[in-house]
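Working notes for the structure below.
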Amino acid sequence: MSLIPILEQPIIDEFLPKEFPHLYASSASSKPSPTGPTLGACNRKEWFRLNNIPPSDKGTLRRNIIFSCGNSIEDEVIAQFKRQQSAFIADHIKMFDYKSKWSCEIDLLALDSNSIPSIVEIKSFAGYYNKKTLTGKDGSPKEANIMQIALYLYLKDIAEILPRKTEPQYSITSVKEVLRTQVNHGYLIYINREAPEELIEFKVTLSKGRISYKNMEGRSFSFGDIGDILSRGEGLLKFYSEKIPPPRDFFGQYSKEDLSTRYDNDKMNKAEKAIYENKGWVSSGDWQCRYHKNRETGAHEYLYCPYGNLCESVDNETFILEDNVLPFIPKLNEGKDNIIEIENE
């Protein structure tokens with residue numbers, strides 16, 4: 001007898017279709033070069049979501065625990081700012097731009113050590129590789145997180161500030177005034193889930209469309225242009241309106257050509273290099289599309305992407321949009337104020 005098999009059972013999450021297509025700042029992406037890599041989220045994954053298509057791949061207890069840990073850390077950080085009442089302004093601020101369809105929820109609006117109002121986005125991490133990437137002389141935040149907070153800085157001047165569903169409410173007028181007249185930067189705060197005393201921050205700015213950030217060592221880096229992110233969003237909405245799936249952004253297994261390029265550009269780790277030099281091929285792909293092969297069925301069980309198998313059906317030209325869309329059915333007790341659904345970032 002054992003409880004482990006119960007804990008290992010896949011989880012089927014409830015999927016709630018939305019009435020209107022929204023682009024989520026937390027799922028932003030850019031592709032500065034047509035032939036270069038995609039930075040940030042996968043547009044095909046977002047296309048499935050925009051079309052109200054339920055995930056084809058089931059969740060896991062591991063994924064839910066990691067997600068819950070992140071939410072708990074965010075709650076504790078916000079509570080700490082609320083204890084320092086002179087620093088706290090507002091939290092969970094919802095914004096939506098009706099024209100571009102971008103929506104977001106700012107974790108926190110607070111005064112920094114210089115008493116300057118700042119947007120704050122709270123993230124957690126674990127593992128040696130993430131710590132190594134975030135810290136040190138060349139420490140840098142995750143690309144998707146940079147784009148997320150850059151969009152906040154862009155949207156704050158054009159988007160509507162919406163009320164949130166839970167109390168206490170913030171003052172929409174006061175928050176809008178602070179965002180539009182006093183905020184000129186944001187902070188990415190990273191907290192180590194394995195050692196919460198380890199706090200890492202990056203200051204992100206958006207000036208004349210250019211995104212830059214400063215790390216803990218005081219070094220400044222240029223990231224890119226907000227226009228690249230906005231054009232990716234526009235392109236995604238075009239794919240949505242034309243009912244055509246976007247091309248793949250990531251691959252579970254690199255092609256021989258891609259493996260050769262990665263080897264030549266020193267993008268493989270030591271173990272991958274050794275296998276590639278010996279066999280001319282190595283099992284390697286983007287983490288977003290990483291999967292295990294079910295020994296009994298042979299099916300691919302994706303670790304991170306909820307649409308992995310649907311994505312395969314698009315590649316195999318067996319995907320039919322109409323067979324997968326879940327229709328939106330409005331709730332009878334919902335009023336007009338609840339039409340716009342903002343993702344909890």
Side-chain angles (χ1 to χ4, degrees), residues 14-29 40-41 46 49-52 67 70-71 74-75 77-79 81-82 87-111 117-123 144-145 147-189 204 206 226 229-230 232-234 236-237 240-241 328-345:
E14 182 181 15
F15 181 82
L16 299 176
K18 300 293 192 294
E19 185 173 6
F20 301 107
H22 286 199
L23 301 176
Y24 292 155
S26 59
S27 297
S29 63
E46 287 303 291
R49 178 187 62 78
L50 287 174
N51 279 285
N52 285 333
F67 185 77
N71 284 341
E74 177 185 316
D75 291 342
V77 171
I78 292 173
F81 274 90
K82 287 182 176 179
F88 177 81
I89 299 176
D91 65 298
H92 297 112
I93 301 166
K94 297 178 179 292
M95 297 194 297
F96 181 71
D97 180 36
Y98 289 83
K99 183 178 180 180
S100 67
K101 300 297 188 293
W102 282 104
S103 73
C104 66
E105 180 177 297
I106 298 173
D107 286 346
L108 180 65
L109 186 61
L111 300 179
S118 310
I119 290 172
V120 183
E121 180 65 20
I122 304 157
K123 303 294 184 182
N145 301 159
M147 289 185 280
Q148 181 179 355
I149 204 164
L151 275 169
Y152 293 170
L153 294 168
Y154 171 79
L155 291 170
K156 74 179 182 67
D157 294 321
I158 61 172
E160 292 295 322
I161 309 298
L162 303 178
R164 61 186 184 189
K165 291 184 177 180
T166 58
E167 298 295 337
Q169 290 289 341
Y170 44 71
S171 167
I172 291 178
T173 302
S174 298
V175 167
K176 180 184 290 188
E177 181 180 1
V178 171
L179 284 171
R180 296 191 175 181
T181 65
Q182 300 181 50
V183 171
N184 56 25
H185 61 258
Y187 287 95
L188 281 168
I189 303 293
V204 181
L206 177 67
I226 192 71
I229 303 171
L230 299 176
R232 278 275 289 183
E234 292 170 0
L236 176 56
L237 288 177
Y240 168 76
S241 64
F328 171 79
I329 301 175
K331 296 178 181 178
L332 294 177
N333 61 348
E334 280 191 341
K336 292 182 179 179
D337 292 339
N338 291 325
I339 286 178
I340 301 299
E341 294 284 346
I342 306 297
E343 182 200 29
N344 292 324
E345 303 277 347

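Side-chain atoms are counted along with the backbone in the values below, which use heavy atoms only and exclude waters and symmetry mates.
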What is the distance from atom [atom1] of [X] to atom [atom2] of [Y], rounded to the nearest 0.5 Å?
X      : Y      : atom1 : atom2 : answer
Tyr24  : Ser103 : OH    : OG    : 5.5 Å
Leu188 : Ile122 : CG    : CD1   : 10.5 Å
Leu237 : Glu46  : CG    : CD    : 11.0 Å
Ile189 : Lys123 : CD1   : NZ    : 12.0 Å
Ile106 : Lys156 : CD1   : NZ    : 9.5 Å
Leu151 : Glu121 : CG    : CD    : 11.5 Å

### Query
Taking only residues two or more places apart in sequence, or in another chain, which ones meet Ala144 in a side-chain contact (heavy atoms from CB on, under 4.5 Å)?
none

### Message
Restricting to side-chain contact (heavy atoms from CB on, under 4.5 Å), what partner residues turn up for Ala79, sequence neighbours left out?
### Response
Arg83

I want to check something: taking the side chain as every heavy atom from C-beta on, are [X] and [Y] in contact at a cut-off of under 4.5 Å?
X      : Y      : result
Asp91  : Arg164 : yes
Ile158 : Lys99  : no
Lys94  : Glu160 : no
Val183 : Leu153 : yes
His92  : Tyr170 : no

What closest approach, in Å, do [X] and [Y] show between heavy atoms, and which atom pair accounts for it?
X      : Y      : answer
Ala28  : Ile229 : CB-CG2, 3.9 Å
Ser29  : Ala41  : CB-O, 3.2 Å
Tyr152 : Ala25  : CE2-CB, 3.9 Å
Asp97  : Ala159 : N-CB, 4.0 Å
Ser118 : Tyr187 : OG-CE1, 3.5 Å
Phe88  : Phe81  : CB-O, 3.4 Å

### Task
Using modelled atom types only, decide if a donor and an acceptor are shared between the side chain of Arg49 and the backbone of His22 within a distance under 3.5 Å.
yes

### Task
Please say which of Thr173, Leu155, Ile172 ends up in a side chain to side chain contact (heavy atoms under 4.5 Å, CB included) with Ile161.
Ile172

#### Entry: Identified side chain to side chain contact (heavy atoms under 4.5 Å, CB included) counterpart of Ile119 within the set Ile149, Asp107, Leu108
Ile149

### Task
Report the residues that fulfil salt bridge (charged side-chain N to carboxylate O under 4.0 Å, His left out) with Arg180, sequence neighbours left out, ordered by chain and then residue number.
none

